[in-house]
Amino acid sequence: MAIAKAERLMNLALCLLGTRRPLSKRELRESIEAYLEAGSDDSFNRMFERDKDDLRELGLVIETVENLDGEVGYLARRDSNRLPPITLDAEEAAALGLAAKVWQQARLAGAASGALQKLRAAGMPEDLDPYEPHGALEPRIPVHEASFEPLMLACRDRRPVVFEYRKATAARPEPRNVEPWALECWRGHWYLAGWDRDRGAERVFRLSRITGKVRSRNGRFTADIPDVVTVRETVASWAGRPPTAPR
């Protein structure tokens with residue numbers, strides 16, 4: 001989603017959630033800068049209707065009512081858009097805590113730490129807290145490659161990427177134009193699975209062989225993402241063979 005549209009949707013959602021009475025289209029247009037810049041009334045109406053439909057598709061409950069002036073008004077009541085309380089049993093809390101600790105060496109450590117604080121506040125037993133020194137499990141997934149974070153974001157956002165990749169048998173790296181699908185760790189190494197546009201086939205890449213920066217590209221994916229991306233199985237099939245792969 002483009003940044004401008006995301007910001008516009010957020011502003012519209014905040015207006016609808018923050019009002020105590022239904023707001024008309026006119027009032028919403030005067031309150032949101034992007035709508036003021038929409039130009040004609042027809043352009044604004046089309047933009048507003050698309051935004052309203054998008055917010056509803058995202059799960060926001062928007063009511064349409066008649067306000068005091070006889071105009072159609074819109075609002076999103078907080079009690080209709082409040083998530084139910086999350087309850088976790090001891091095993092579920094422990095599993096989430098362990099998952100958070102796995103990422104303590106990556107840039108996700110801050111978010112993971114915040115999630116653990118919320119779990120503790122919700123009553124996670126101390127003896128299940130994986131950050132306590134007496135914890136029996138010490139999960140670690142090292143993330144040393146600079147390419148990990150941009151590739152993780154590209155997988156999440158479905159954005160094509162370009163990077164230089166050196167095969168095990170090659171003396172020099174070659175450019176790869178890839179639609180990234182998934183990242184997985186196998187035996188201490190991270191691998192990326194995706195669609196290699198230049199070769200027209202699925203490929204798996206070892207992150208430690210990516211050189212230079214990972215650069216994002218505009219446009220949609222051209223190949224369908226399989227229901228199951230078998231990264232580990234593909235890498236495991238290479239075990240014991242000459243290092244001619246990842247491809």
Side-chain angles (χ1 to χ4, degrees), residues 1-38 42-67 71-89 91-93 95-97 99-100 102-103 106-124 149-160 179-183 216 218-221 224-229:
M1 184 184 297
I3 294 176
K5 181 177 180 180
E7 182 178 358
R8 193 174 70 241
L9 289 178
M10 181 176 293
N11 288 335
L12 178 58
L14 290 174
C15 285
L16 296 174
L17 287 167
T19 182
R20 295 185 178 182
R21 62 173 180 81
L23 297 176
S24 66
K25 282 186 180 181
R26 173 181 52 81
E27 291 173 311
L28 289 168
R29 187 176 189 180
E30 293 173 352
S31 302
I32 299 175
E33 183 178 358
Y35 289 156
L36 289 173
E37 300 173 351
D42 288 341
S43 296
F44 160 68
N45 286 329
R46 289 193 298 269
M47 183 183 295
F48 174 75
E49 292 300 326
R50 286 196 302 267
D51 290 349
K52 181 159 54 70
D53 291 342
D54 287 342
L55 287 178
R56 281 175 169 159
E57 187 175 344
L58 290 170
L60 189 69
V61 180
I62 302 175
E63 296 182 26
T64 303
V65 296
E66 294 284 340
N67 63 20
E71 296 180 289
V72 175
Y74 305 90
L75 80 161
R77 301 184 191 276
R78 290 181 178 270
D79 55 355
S80 300
N81 290 281
R82 191 172 288 137
L83 292 174
I86 299 175
T87 57
L88 301 172
D89 59 29
E91 291 182 353
E92 291 169 335
L96 286 176
V102 163
W103 295 106
R107 288 198 179 184
L108 298 176
S113 178
L116 281 176
Q117 290 180 6
K118 293 180 180 179
L119 287 175
R120 296 188 188 104
M124 180 174 68
E149 184 173 5
L151 288 175
M152 178 190 68
L153 296 176
C155 290
R156 183 197 67 184
D157 299 336
R158 297 289 185 255
R159 285 186 285 104
E179 298 173 11
W181 293 342
L183 286 163
S216 298
N218 294 326
R220 298 176 178 272
F221 280 13
D224 294 332
I225 302 176
D227 294 333
V228 179
V229 181

*What is the minimum heavy-atom distance between R26 and E71, and which atoms define it?*
NH2-OE1, 3.5 Å
*Taking it one step at a time, do R159 and L153 satisfy side chain to side chain contact (heavy atoms under 4.5 Å, CB included)?*
CA-CA 8 Å; R159 285 186 285 104; L153 296 176; 3.8 Å; yes
*Would you find more than 12 non-hydrogen atoms of other residues, nucleotides or ligands less than 6.0 Å from D224 atom CG?*
no
*Heavy atoms from other residues, nucleotides or ligands near CD of E37 exceed 12 (cutoff 6.0 Å)*: yes
*Residues two or more places apart in sequence or in another chain: which of them pass side chain to side chain contact (heavy atoms under 4.5 Å, CB included) with R158?*
F221, I225
*Does the side chain of N11 reach to within under 4.5 Å of the side chain of Y35, using non-hydrogen atoms?*
no
_Over 12 foreign heavy atoms within 6.0 Å of CG, D227_ = no
*Might you point out which heavy atoms bring S80 and V61 nearest each other, and give the distance in Å?*
O-CG2, 3.7 Å
*What pair of heavy atoms forms the shortest contact from P180 to C155, and how long is it?*
CB-SG, 3.7 Å
*Got a second to check how far R46's CZ is from R50's CZ, nearest 0.5 Å?*
7.0 Å
*To the nearest 0.5 Å, how far apart are CG in L55 and CG in L9?*
5.0 Å
*Could you pull out the closest heavy-atom pair between L17 and L60, with the gap in Å?*
CD2-CD1, 4.1 Å
*So which heavy atom on R8 is nearest to which on D51, and how close?*
NE-OD2, 2.6 Å
_Just so I know, are the side chains of T19 and E27 near enough to count as touching, which here means a heavy-atom distance under 4.5 Å?_
no
*Does CD in E33 sit with more than 12 non-hydrogen atoms of other residues, nucleotides or ligands closer than 6.0 Å?*
no
*Less than 4.5 Å apart, any side-chain heavy atom of Y74 and any of C15?*
no
*Rounded to the nearest 0.5 Å, how far does CG of L12 lie from CG of D54?*
10.0 Å
*Would a 4.5 Å heavy-atom cut-off, applied to side chains only, mark M152 and R156 as touching?*
no
*asked:* For a quick test of reading the model, state the closest non-hydrogen atom pair linking N218 to P160 and the distance between them.
replied: O-CG, 4.4 Å
*At what distance, to the nearest 0.5 angstrom, does CG of L36 lie from CD of E30?*
7.5 Å
*Non-hydrogen side-chain atoms of K25 and F44 separated by less than 4.5 Å*: yes
